[in-house]
Amino acid sequence: MIQVEEKLYQNRYRVDEGRPHIKIKDREICSLCSHKICTVLCPAGCYRKGTDSAVSLITDGCLECGTCQVICLEHKNILWEYPRGGYGILYKFG
Ligand code: SF4
């Protein structure tokens, strides 16, 4: 099966180094969250479950779909912004 990383490799991004456009507000809340639905539903696999029940977020492959912000309804623990102009995913034929 083709891995999501391989697919994402086909997208073009301009990563805003050191300025992620999405942030987890309180990591403690993620540790306590039972379903961690963001780790399942993000189409780009930006959220990963750690071995210690923590959630890690790497936004480099983000498709800016907005799903994660919407699904974190219970805790509203995601601070979501679009990347600055000129950064993020550059849709070629979208
Ligand atoms: S906006 Fe979409 S692609 Fe980006 S991190 Fe959230 S769910 Fe993943």
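Whatever order the structure lists them in is the order used to number ligands and atoms, beginning at 1. Start at 1 with the first residue, then count along the sequence.
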Problem - Any donor-acceptor pair under 3.5 Å from Lys36 side chain to Cys30 backbone - result: yes
Practice task
Could you check if a side-chain atom of Val55 sits within less than 4.5 angstrom of a side-chain atom of Cys38, using non-hydrogen atoms only?
Solution key: yes
Problem - Ligand-side contact atoms (ligand 1) for residue partner Ile22, heavy atom cut-off under 4.0 Å - result: 5 (S)
Problem - 4.5 Å side-chain heavy-atom contact, Leu8 and Leu63 - result: yes
Completion exercise
Here the ring pair (Phe, Tyr, Trp, His ring centres under 6.0 Å) pairs for residues 62-85, sequence neighbours left out, are Trp80-Tyr82
Exercise for the section: Go through ligand 1 atom by atom and flag the ones less than 4.0 Å from a non-hydrogen atom of Trp80. Expected result: 1 (S)
Completion exercise
Note: Ile78 and Cys68 closest approach over all heavy atoms is CD1-O, 3.3 Å
Completion exercise
Contacts of Arg27 meeting salt bridge (Lys or Arg N to Asp or Glu O under 4.0 Å) (sequence neighbours excluded), chain-then-number -> none
Exercise for the section: State the atoms of ligand 1, each with its element, that fall below the 4.0 Å cut-off from a heavy-atom position in Tyr47. Expected result: 5 (S)
Problem - Neighbouring protein N, O or S atoms of atom 2 (Fe) of ligand 1, below 2.8 Å - result: 1
Got a list of side-chain donor-acceptor pairs under 3.5 Å for residues 42-52, not counting sequence neighbours?
unit_1, atom_1, unit_2, atom_2, d
Arg48, NE, Gly45, O, 3.3
Arg48, NH2, Glu5, OE2, 2.9
Arg48, NH2, Gly45, O, 3.4
Asp52, OD1, Ala54, N, 3.4

